[in-house]
Amino acid sequence: METPNLALVGFMASGKSTVGRLCAERLGFAFVDTDVLIERRAGCSVREVFAAQGESAFREMETEAVAEAVGRNRVVIASGGGAVLRAENVELLRERCVVVYLRVEVGAVMARTEGDTSRPLLARGEEAARQTAALLESRDPYYRAAAHAIVDSGKSDPVTTADRVLSVYGLHAARRAPSAERAS
Ligand code: S3P
């Protein structure tokens, strides 16, 4: 049985990249960010992909990026905040990875994204907090359904969050091994 990959899912600014990098270092795995794979392939930023080609083209590229990422061995994957909206992506992630939902509250998202212009789906202006809360609430069930485990990421520093993620990863990775052997 291969060592499963680790995939982080969660809302924008939940810490997927920061915590993912720390986890990758500790596991001795490579770190892959699906947004970075998309940017490399498109030759421009996520914001520019949205502006020039629209969200549905971005979502197509995202599925390709997820498939590419999960096809690697010994990687920690930070998936884009909307990747869980497609059942196909969730299936790919769950099959090849222990999937951890980094849960965050709207206050932390607002604080962490102040002045951020890189995320096209991030609300701006007076209604930003209310709109972000609504999007977060609508996404939460998708993150929960995709994940093998949930770790709160809003109130702790990234190192503490990474410790928690690694401990649930360890538990789930150990549990997967015998059942996969039975199945083969
Ligand atoms: C998105 C989240 C972004 C990026 C794109 C769309 C979303 O990734 O994929 O802007 O739909 O929530 P991060 O979660 O890394 O910000």
Side-chain angles (χ1 to χ4, degrees), residues 1-42 46 49 55-104 119 121 136 138-153 158-184:
M1 166 68 191
E2 269 166 26
T3 310
N5 293 327
L6 166 63
L8 300 178
V9 299
F11 201 70
M12 293 177 271
S14 56
K16 299 181 297 282
S17 300
T18 309
V19 172
R21 269 200 195 89
L22 290 169
C23 290
E25 245 169 57
R26 297 262 299 275
L27 289 166
F29 285 12
F31 173 72
V32 187
D33 184 322
T34 58
D35 284 340
V36 172
L37 293 182
I38 293 166
E39 289 180 336
R40 267 192 214 138
R41 194 172 284 194
V46 165
V49 172
E55 181 170 352
S56 65
F58 173 82
R59 296 297 174 202
E60 285 300 323
M61 293 180 201
E62 188 168 54
T63 296
E64 283 170 25
V66 169
E68 184 186 333
V70 302
R72 298 186 189 174
N73 288 325
R74 298 171 66 85
V75 285
V76 175
I77 301 166
S79 61
V84 293
L85 299 175
R86 276 198 177 186
E88 189 183 347
N89 297 343
V90 173
E91 241 172 71
L92 285 167
L93 289 169
R94 286 184 64 91
E95 205 176 282
R96 299 266 304 148
C97 315
V98 173
V99 183
V100 178
Y101 170 20
L102 286 189
R103 211 184 68 83
V104 76
R119 293 177 166 106
L121 296 185
L136 182 50
S138 73
R139 293 267 182 91
D140 182 71
Y142 290 90
Y143 299 130
R144 286 177 187 276
H148 295 105
I150 302 175
V151 169
D152 268 309
S153 136
V159 172
T160 308
T161 306
D163 280 343
R164 294 190 185 129
V165 170
L166 288 171
S167 91
V168 295
Y169 169 79
L171 286 175
H172 283 266
R175 260 189 234 155
R176 281 165 84 106
S179 62
E181 272 159 24
R182 271 200 305 275
S184 61

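Remember, it's a predicted structure, so these values are computed and weren't measured experimentally.
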Non-hydrogen atoms of Val49 and Ala42 that approach each other most closely: CG2-CB, 3.8 Å
Measure the CG-OG distance between Leu93 and Ser79 for me, rounded to the nearest 0.5 Å. 6.0 Å
Judged by atom type as modelled, is there a donor-acceptor pair below 3.5 Å linking the side chain of Asn5 to the main-chain atoms of Arg74? yes
Arg176 and Val98, any side-chain heavy atoms less than 4.5 Å apart: yes
Does Arg41 come within less than 4.0 Å of Glu64, counting only side-chain N to carboxylate O? yes
Whether Arg26 and Asp163 form a salt bridge (side-chain N of Lys/Arg under 4.0 Å from carboxylate O of Asp/Glu) is what I want to check. yes
Among Val76, Leu27, Val159, Thr161, which residue meets the side-chain contact (heavy atoms from CB on, under 4.5 Å) test with Leu22? Val159
Kindly indicate whether the side chain of Tyr101, heavy atoms from C-beta on, has any atom under 4.5 Å from the side chain of Asp140. yes
Minimum heavy-atom distance between Ile38 and Ala65, given as atom pair plus value: CG1-CB, 3.8 Å
Flag the pair Asp35 / Met61 as yes when at least one side-chain heavy-atom distance between them is below 4.5 Å, and no otherwise. no
Using only atom types and a distance under 3.5 Å, with no angle test, would you say the side chain of Thr18 pairs donor to acceptor with the backbone of Gly15? no
At their closest point, which heavy atom of Val84 faces which heavy atom of Ala146, and how far apart are they? CG1-CB, 3.8 Å
Short side-chain to backbone donor-acceptor contact, Ser153 and Ser14, under 3.5 Å: yes
From Arg40 CZ over to Asp33 CG, what is the distance, rounded to the nearest 0.5 angstrom? 9.0 Å
Would you say Arg72 and Arg96 make side-chain contact, with heavy atoms under 4.5 Å? no
Cys23 side chain near Phe31 side chain, heavy-atom distance below 4.5 Å: no
Please confirm whether the backbone N or O of Gly10 pairs with a side-chain atom of Arg139, one donor and one acceptor, at under 3.5 Å? no
Could you state the interatomic distance from CE (Met12) to CG (Leu136), rounded to the nearest 0.5 Å? 9.0 Å
Consider side chain to side chain donor-acceptor pair (under 3.5 Å). Of Glu60, Glu91, Glu62, which one does Arg86 pass it with? Glu60
Exam field: side chain Lys16 to backbone Phe11, donor-acceptor pair closer than 3.5 Å: yes
Between Tyr169 (side chain) and Pro4 (backbone), is there a donor-acceptor pair under 3.5 Å? yes
Can you tell if the side chain of Val165 reaches within under 4.5 Å of the side chain of Leu102, non-hydrogen atoms only? yes
Can you confirm whether more than 12 heavy atoms, excluding those of Tyr142, are under 6.0 Å from its OH atom? no
For Leu92 and Thr63, the nearest pair of non-hydrogen atoms, with its separation, is CD1-O, 4.4 Å
Under 3.5 Å, side chain of Thr34 to main-chain N/O of Gly80, donor-acceptor pair present? yes
